[in-house]
Amino acid sequence: NKKMVKESYLAPVSDFFTRYGFALAWLILALIGLYRISDIVLGVISNVFYQDLGFTKIEIASVVKTFGLFMTIAGGFLGGFLAIRYGVLKILFMGALLSSLTNLLFMALAGMGHHLPMLYLVISADNLAGGLASAAFVAFLSSLTNIRFTAIQYAIFTSLMTLVPKVFGGYSGTIVDALGYSSFFLITAVIGIPVLILVWLSGKYLGMKEQVHSR
C-alpha cells in the first residue's frame, strides 16, 4: 500500500529534514546516534567486570541493581528539574560530560579490586549521571518531533540512539582482552568527547534557527 507507506514512514522522515534542513538534520541525527555511546559501550561489559573483581552476585544485585536503580531515578528527577531551570541543551551537555567523566571512576575501581565502598561510589556517580543525561535526552528528543508524527519520529530517534553504541559494544570483550579494563574504561571516556562537540554545535545552530524564525 503505497499511500500507507508514504504517510506512515516517508512523511515523518521528510518532515524532519524539511523542518531542520539537510545539514542540521544530519548533525542532530549524529548527536542522537552517539549521545549515549560512553554508557552503553561500558554497560555491555560491566557485569563481567564486577565478577572479575571478585564481587559476589548478592553484592552486584544489592549495589548495582537495587541501589543503582534508586540513584538512576534520583538522577532522572535532578535532570528534569535542571532542564526546566537552565534549559535542555545545557543539561544535555552536562549529562554527556558527566557520563564520560564517571567512566574514569571505573578505572580507579579496576585498580582497587574488590572494594565495596568504592563500588557504591562508582555506581552512585555513574547512575546519577546516567539518569540526568537520560532525562535531558528524552526532553531533547521530544522537542524534535512534530505532533503529527510523534510516535514514528520518536521511535526512529530511540532506535538510532542504541544502534551505533550496541555495534561498538559488541567489541567490548575483545578490547578488554587486548588492552585490559583500565584502558577500556579510558577509551569509553574519550569517545564521549565528540559528543560534547556535537551537543555544542547542535545548540549553536538550533539557536540560530530559532532566532531566524522569531524575526
Side-chain angles (χ1 to χ4, degrees), residues 9 12-44 72 75-76 78-104 126-172 186-214:
Y9 301 103
V13 175
S14 175
D15 167 79
F16 176 73
F17 279 91
T18 299
R19 282 188 295 118
Y20 291 101
F22 189 80
L24 181 55
W26 279 112
L27 177 63
I28 293 172
L29 291 176
L31 171 59
I32 294 171
L34 296 175
Y35 186 73
R36 298 310 305 273
I37 191 168
S38 292
D39 283 348
I40 294 176
V41 171
L42 185 148
V44 171
T72 301
L78 179 62
F81 171 76
L82 293 176
I84 293 172
R85 186 174 179 85
Y86 298 106
V88 172
L89 284 166
K90 289 182 179 178
I91 307 308
L92 198 69
F93 186 92
M94 180 189 295
L97 178 62
L98 292 176
S99 294
S100 293
L101 292 177
T102 53
N103 285 8
L104 299 177
D126 186 60
N127 286 30
L128 267 175
L132 185 148
S134 295
F137 197 47
V138 168
F140 177 66
L141 295 184
S142 299
S143 71
L144 297 176
T145 61
N146 185 329
I147 193 170
R148 292 175 54 208
F149 309 110
T150 300
I152 293 295
Q153 288 180 343
Y154 195 84
I156 293 173
F157 294 154
T158 52
S159 298
L160 179 62
M161 175 187 73
T162 58
L163 176 62
V164 176
K166 287 290 185 181
V167 171
F168 279 97
Y171 297 95
S172 296
L186 179 60
I187 291 171
T188 62
V190 170
I191 60 177
I193 294 175
V195 176
L196 299 175
I197 298 172
L198 289 172
V199 174
W200 179 76
L201 287 173
S202 297
K204 177 182 177 182
Y205 289 112
L206 283 170
M208 291 170 59
K209 181 179 175 64
E210 290 177 359
Q211 289 179 359
V212 170
H213 283 287
S214 64

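In this text the structure is predicted, and so the values were computed from the model without any measurement. One is the number of the first residue; the rest follow in order along the sequence. Computation of the quantities below employed the complete heavy-atom set of this structure, encompassing side-chain atoms and omitting hydrogens, waters and symmetry-equivalent molecules.
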Does the Gln153 side chain pair with the main chain of Asn146, one donor and one acceptor, at a distance under 3.5 Å?
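At least one qualifying donor-acceptor pair exists.
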Report yes or no: does Arg85 contribute a side-chain atom to a donor-acceptor pair with the main-chain N or O of Gly80 at less than 3.5 Å?
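No.
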Rounded distance (nearest 0.5 Å) linking atom [atom1] of [X] with atom [atom2] of [Y]:
X: Ser100; Y: Asp39; atom1: OG; atom2: CG; value: 8.0 Å
X: Leu98; Y: Phe93; atom1: CG; atom2: CZ; value: 10.0 Å
X: Met161; Y: Phe137; atom1: CE; atom2: CZ; value: 6.0 Å
X: Ile37; Y: Thr162; atom1: CD1; atom2: OG1; value: 11.5 Å
X: Ile32; Y: Leu144; atom1: CD1; atom2: CG; value: 5.5 Å

Can you confirm whether [X] sits close enough to [Y] that some side-chain heavy atom of one is under 4.5 Å from a side-chain heavy atom of the other?
X: Phe168; Y: Val164; result: yes
X: Phe16; Y: Ile28; result: yes
X: Ser143; Y: Val88; result: no
X: Leu31; Y: Phe140; result: yes
X: Leu128; Y: Leu132; result: no
X: Thr102; Y: Asn127; result: no
X: Tyr35; Y: Leu92; result: yes
X: Ile152; Y: Ile156; result: yes

So which heavy atom on [X] is nearest to which on [Y], and how close?
X: Ser38; Y: Ile191; value: OG-CG1, 4.0 Å
X: Leu104; Y: Ala189; value: CD2-CB, 3.7 Å
X: Leu97; Y: Leu196; value: N-CD2, 3.5 Å
X: Leu29; Y: Leu160; value: O-CD2, 3.5 Å

Derivation and outcome, side chain to side chain contact (heavy atoms under 4.5 Å, CB included), residues Leu141 and Thr145
CA-CA 7 Å; Leu141 295 184; Thr145 61; 5.9 Å; no
Decide if the gap between the ring center of Phe149 and the ring center of Tyr9 is smaller than 6.0 angstrom.
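No: the rings miss the under 6.0 Å criterion.
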Is it the case that the side chains of Ser99 and Arg36 hold a donor-acceptor pair, with the cut-off being a distance below 3.5 Å and no angle test?
no
Begin from the C-alpha positions of Leu78 and Leu82 and carry the test side chain to side chain contact (heavy atoms under 4.5 Å, CB included) through to its verdict.
CA-CA 6 Å; Leu78 179 62; Leu82 293 176; 3.9 Å; yes
Crowding at CZ, Phe17 (>12 non-hydrogen neighbours, <6.0 Å)
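It does: Phe17 CZ has more than 12 such atoms within range.
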Which residues satisfy the side-chain contact (heavy atoms from CB on, under 4.5 Å) test with Thr188, sequence neighbours excluded?
Val41, Leu42, Asn103, Phe184, Phe185
Test side chain to side chain contact (heavy atoms under 4.5 Å, CB included) on Tyr154 and Val138; report intermediate values, then the result.
CA-CA 9 Å; Tyr154 195 84; Val138 168; 3.6 Å; yes
